[in-house]
Amino acid sequence: MNALLKHRLTWPVLALVLLLLLNQLFRADFLAVRVQDGHLFGSLIDILRNGAPTILIALGMTLVIASRGIDLSVGAVAAISGAVSCTYIYNSPDPSSFRTAAVAVVIAVAVGLALGLWNGFLVSVVGIQPIIATLVLMTAGRGLAQLVTDGQIISVSNDSYQAIGAGFFLGLPISILIAAVAFGVAGLLTRRTALGTLIEAVGINPVASRLAGLNARNITWTVYVFSGLCAAVAGLMISSNVTAADANNAGLYIEMDAILAVVIGGTSLAGGRYSLVGTLVGALIIQTLTTTVYTLGIPPEVTLVFKALVVIIVCLLQSSKARALLGRRRRPVTEQSEVKVSI
Amino acid sequence: MNALLKHRLTWPVLALVLLLLLNQLFRADFLAVRVQDGHLFGSLIDILRNGAPTILIALGMTLVIASRGIDLSVGAVAAISGAVSCTYIYNSPDPSSFRTAAVAVVIAVAVGLALGLWNGFLVSVVGIQPIIATLVLMTAGRGLAQLVTDGQIISVSNDSYQAIGAGFFLGLPISILIAAVAFGVAGLLTRRTALGTLIEAVGINPVASRLAGLNARNITWTVYVFSGLCAAVAGLMISSNVTAADANNAGLYIEMDAILAVVIGGTSLAGGRYSLVGTLVGALIIQTLTTTVYTLGIPPEVTLVFKALVVIIVCLLQSSKARALLGRRRRPVTEQSEVKVSI
Amino acid sequence: GGGSDAGGGSDDGITMGFAQVGAESGWRTANTKSIQDSAKAAGVDLKFSDAQQKQENQIKAIRSYIQQQVDVIAFSPVVESGWDTVLKEAKDADIPVILTDRSVDSADTSLYKTFLGSDFVEEGKKAGDWLVEDSASTDGPINIVELQGTTGAAPAIDRKEGFEAAIAADPDLTIVESQTGDFTRSGGKQVMEAFLKNTPDIDVVYAHNDDMGLGAIEAIEAAGKVPGKDIKIITVDAVKDGMTALSEGKINYIVECNPLLGEQLMDLAAKVVAGEEVPARVVTEESAFTPEQAKEVLASREY
Amino acid sequence: MNEIVPVVAMAGISIEFPGVKALDGVDLRLFQGEVHALMGENGAGKSTLIKALTGVYAIDGGTITVMGSDHRFTSPAEAQAAGVSTVYQEVNLCPNLSVEENILLGREPRRRGGISWKEVRRKAREVLGQLQLGHIDPGSVLSSHSIALQQLVAIARAVQVDARVLILDEPTSSLDADEVQQLFAVIRTLRDRGVAILFVSHFLEQVYEISDRMTVLRNGKLVGEYLTRDLPRMALISKMIGKEMDALAELEDAEGRRQSDRTQDAPFMQAEGLGRKGSVRNVTVAIHAGEILGLAGLLGSGRTETARLLFGADRSDQGSLRIGGTVRTLRTPRSAIDRGIAFSSENRKEEGLIGDLSVRDNLVLAMQASKGWLRRIPRATQDQLAEKFIRALDIRPASKDALIRNLSGGNQQKVLLARWLITNPRLLILDEPTRGIDIGAKTQIQKLISTLASDGMSIIFISAELEEVLRLSDRIAVLKDREMVADLANDGVTMEDVMTIIAGTNA
Ligand SMILES: Nc1ncnc2c1ncn2[C@@H]1O[C@H](COP(=O)(O)OP(=O)(O)OP(=O)(O)O)[C@@H](O)[C@H]1O
Ligand SMILES: Nc1ncnc2c1ncn2[C@@H]1O[C@H](COP(=O)(O)OP(=O)(O)OP(=O)(O)O)[C@@H](O)[C@H]1O
Ligand SMILES: [Mg+2]
Ligand SMILES: [Mg+2]
């Protein structure tokens, strides 16, 4: 029991469950999932499908944060990726073929990787502070996306493309399947290889890692590239879900959601230890929160306040837990600082 | 010369000068300042007046960042402060009297302090990570502001109130005078007393500071309260400048501008050493940048990209400087880490 | 489709799900209020939600309406495109959809019953036409500066287009500068300040909404010029503050963009639910105001 | 052993930092199968020379030859790849990672692409075993261990690879006798395997015990290279400090301090069964004014944790604490400081230094903190204090404005000591105050402590060097397994006595 209380995931999971029950309370069939024209249908499915982009981006964000960085540009990257792919499809000779969609996806992913490289370059080689380095792309990115779509909203109709964000496979939303795969891959990559440990090492003590002979630079670089990749795929989901690219609004504020997800998941922004599963739970909490607002019919004026309250409660639970733990561990000062030290 | 190159302020100042010259190049009378109905008039004055809120907020942000924190809520706080004061004036019996304006200001400032206390509480007492703690108010704050104005744009006509943001004293914009005073006070407070050093100490090594008997908690708390105060006053300027409170748009994205200003000014987001003057220069660069866009008539679509480019160039200059220094100083490990360690 | 009427659709009155864009401006708030009031008046059970400018949220809201099996769904799309999927879902659940204020660019118009709202291009055109007519008497070039709305936003694009089309009629009229003021007062003021320094002889300001116009007025006054005289000002929206300025002669012409489409909406809703035919496009009754007209209507202005 | 070609030969190495010429034409030769001691005062340039070799710092002049070929490492990674394995002076590990992860960081054993955590665990166990550290759990988080243990882990990491050159910068600074012996055992086996070992320490007896050859530095200059057996201690000392000085004699008269018994007058601080869950238990001591209480115990026995309890750095949850007769609970260091208690931590890097602040700021920090931020200590006073203590403790470089992180380990330690001396507390708790400090300075500091005590300051003295404790203290509290087992007046207590107590209690 005590061990359970101590576990970093207990509180987030609890919060998620409570949120779902709350919804169930207001709408008896909330948790119900029925099959409708061949695929699963219901609020839970919606939560998963709409949550997929956030989950994906939060995944990339987790590694970035573990390395003591942060990536504010994810929203913009998502927008660009959507813009690029849709514009390509829009202008291609046969805008509805599978091939076109495939090429569009490849291009978008490539762009995402490139942008990730750029971020990583600024941070690890040039040595600009992550929040600034990525802030640059965060602002410029929207501009770029607008240039691509030249200020218009590009809508496409291509079933294969639409499938990415709105399609189903074996009854499950394809988007969530993609996210799941990404998670699996990331999990393996970081745990089966040493990457995870190395990232943590760099995040905790860059000096030590360098003295230990690690190539901090490449590790840092890698995480930003990965984050860019995740953002690009998320961008595909978002645009394909609405079969259109909106340079201004696609993935707006998603970076904040992702960061929140990571933190709610119990990863410290000071870098170091991280938990992918935690992030997953965090992202789901945030998505469920949005849905809750609509199920409960919370008046628009107080929506933001409501959301903020929930977030703060989760954080409080966690940190009070942290404080409780202080009692048991050895070097409280450090502990405490860990909570404080960090932006 | 060499010493000059090494000085942390050289590059920012240079960048500022270049920007101004660029404008001058496009508009011969850009730097000209003439007297018009009793006060100074010209682009430079505009830059100062429109820059005042950013300067003020960046000032508060500098101390927060020096203590290893960050305050994302400043924009929301500014909006709330404006909303509160304007709503008060709007509903007061004689909405145009000096007394009303004075009371409104007092209320707004009080609110700002309260919100600062709240942030400080979350960070220093509860121990929530600053970026999250303030993110909460950042989102909820807009909601609160909307509740105050109930979604309307509250316009007021009160000369004394309007003076704050749009008025002139001895030919100079009152807003910039306020900002100047704030800077003076902050400078004195931090340098003539030990506050500055203590903030830096907490920012550099919280654990050691605590063991040395510093009351890290109170110090952290103080900086957030101060930041809240600055944001509130900035909010007054913004709303009074347009004699209206706009819950949605007042101070939107100003937190990012402020953070940029601080960093451009040469303060590390990792906390520790800070430079108020640097921040001032940084804020002016950012404001001038906006003006430049108008003077050069850069089309809105590419504005963001243009701004981002300039910012990145400034950062590059600074960090390449840092790298150049490495050559002389040869403390790669720590240096590098210093650049990297920081979110 | 929705078999049992479990959700909200009660037999006595209509249940309407309305997904609002947000509460980003006074105009929008008035729009919301009008819809809520007329719903009450018409005895419509209104389920209201606010998407905070995010299409994703709006789609969620609509989906939840579909699940609650309301009788009719109305919404002002945050953006033009990307609605096919959700609209299709609504159609499958045979719930009629009414678009208000902003349109969607979906190819398949059968996805919604009708679009009730202003025609932004038309608004821009009205503004342009007035200027052409007003400056017919004076000859010699006329310098116009334009305060655009948020870059990429539909109203901004259309009002620009309509205006430019209209002033093409008179070669003397040229837009010398055009920047975005993000639909906000401080935006309008700051941009106008810069314009005043860049171009000494500005004759006309065309602002995509009242707020930016009001900001511009302050900038003009600060520059020691008289708004409405030295520099003519044309805006779109006609919110109360704007109308006041207009009545004071600080603004010369305001094209109305009427948010009070509540009543029209409820009529249409009643019709569609009853299965009657409705025109695919219903333009909100909108006029435009000169200072004189402003003085008359000002008192009776609701927003 | 064959001396034909040195494994590493550094010649005419020069490194200059802004202001200081850290190294000036220094030579160093390492031969395989030999333990080479690098000797010098604090700030002599030992660590810098090591960092120059391992590619942390680029050198301004000179040549480095590795295995015969002219070679210059541009990064620690390269040095490692070339078989040069190093333990730097400051423990540089990742506190949040587990012990095993730290030991094998960057060279995790792989199997079929992925790494095998079983293998990681096995290797970690193996090397910990070599250092007689079988008892610590390789999976435990590093930060849960004391600084001394962390240092041993760092050593384990270094010896885990079969390197051709092993560099140990003050590895023994916070180890006590047993650990030192275990370390030496390992060093000997490696040496016999033909590894070239560079060893830095300020403990002469250790140097004489383990080293075959030594290089002496003074103020960044080379004094000379000698065979250990040809160089008597006194000669070595005078070569290091550059003047004839009878350090041992000084040690003698430090020892000759009166055995005062102050137990009759009321104690300044009195702990009754003080303890903390998961940490130390049943600490019962009384400290009188002008008394020096030594804490004796083996590594991990709980000395540091006891100190932290008495200072309020950790909160006690058992027993009671009386200060000046009245019962107090110390919630924060601050509340302890307000009652005239000071604590200089053993972990100078994480719990002492404010790296980016100047020596001056670091010196006055504690005093400033207790004055409060409003009452800033005037610059003039700050400078006086700084100059005074820079002189008193012979801190080098003698500049108030140098950033403390640029000082050498020993000099940093001196500054931190001064930080507390300035506040002139009633009870001064010193945890490993002489860690990494050279003999000259050490005798100074020991004298200083005695004088302070005679002037009526109470002192709790913790040191891994038991002799030091015995020599200085009036009374000695013995800890074992994080529990206090004895409290004896120091009338000629010998190391054997203490050891028997420690051994005895587990019967
Ligand atoms: N990064 C640096 N910047 C400036 N000066 C430095 C730097 N590193 C070392 N120094 C100076 O170089 C000199 C030698 O330092 P070093 O650490 O090598 O001494 P050391 O022999 O290791 O002393 P100790 O025995 O105390 O560890 C010192 O005067 C120190 O102040
Ligand atoms: N939470 C914990 N988990 C595991 N071990 C712990 C914990 N807290 C304390 N310890 C152990 O308790 C021991 C006592 O620590 P302390 O630093 O007080 O020992 P010490 O007597 O000072 O020895 P040293 O010479 O290493 O300083 C440490 O070795 C540490 O490993
Ligand atoms: Mg050293
Ligand atoms: Mg200890």
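In what follows, chains carry the letters A, B, and so on, assigned in the order in which the sequence lines appear, proteins first and then strands, with residues in each chain numbered from 1. Note: hydrogens, waters and symmetry copies are ignored here, and every other heavy atom, side chains too, is used. The structure displayed is predicted, hence computed values, not measured ones.
Contact of S178(C) with chain B is made through the backbone alone, with heavy-atom distances under 4.5 Å. Contacts of S186(C) with chain B are made by both backbone and side-chain atoms, with heavy-atom separations under 4.5 Å. Heavy atoms of N241(B) lying under 4.5 Å from chain C belong to its backbone as well as its side chain. Residue A219(C) does not touch chain B at all, counting heavy-atom pairs closer than 4.5 Å. Both the backbone and the side chain of N198(C) come within contact range of chain B, with heavy atoms under 4.5 Å apart.
Of the listed residues (T184(C), I217(C), V239(C), T32(C)), the one with the most heavy-atom contacts under 4.5 Å to chain B is T184(C). Most heavy-atom pairs under 4.5 Å with chain C, from the set T295(B), T149(B), T303(B), I154(B): that is T295(B).
Taken from CD in Q152(B) to CG in D241(C), the straight-line distance is 9.5 Å, to the nearest 0.5 Å. How far CD of Q287(B) is from CD of Q190(C): 5.0 Å, rounded to the nearest 0.5 Å. In this structure, D150(B) CG and T29(C) OG1 are separated by 8.0 Å, a value rounded to the nearest 0.5 Å. Taking CD of E193(C) as the start and CD1 of I47(B) as the end, the distance is 11.0 Å to the nearest 0.5 Å.
Between T243(B) and E218(C), the side chains place a donor N or O and an acceptor N or O closer than 3.5 Å (distance only, hydrogens not considered).
Within a 6.0 Å sphere centred on NZ of K240(C), other residues, nucleotides and ligands contribute more than 12 heavy atoms. When the shell of 6.0 Å around CD of E263(C) is examined, it contains 12 or fewer heavy atoms from other residues, nucleotides or ligands. Other residues, nucleotides and ligands contribute only 12 or fewer heavy atoms inside 6.0 Å of the OH atom of Y90(B).
Using a 4.5 Å cut-off on side-chain heavy atoms (C-beta onward), I153(B) and D211(C) make contact. Taking the side chain as every heavy atom from C-beta outward, R185(C) and S155(B) approach each other to under 4.5 Å.
Among all heavy-atom pairs drawn from A194(C) and Y294(B), the shortest one is CB-CB, 3.4 Å.
The residues D46(B) and K197(C) are annotated as salt-bridged, a charged nitrogen and a carboxylate oxygen being separated by less than 4.0 angstrom.
Judged purely by atom type and a 3.5 angstrom limit, Q179(C) uses its side chain to pair as donor or acceptor with the backbone of I298(B).
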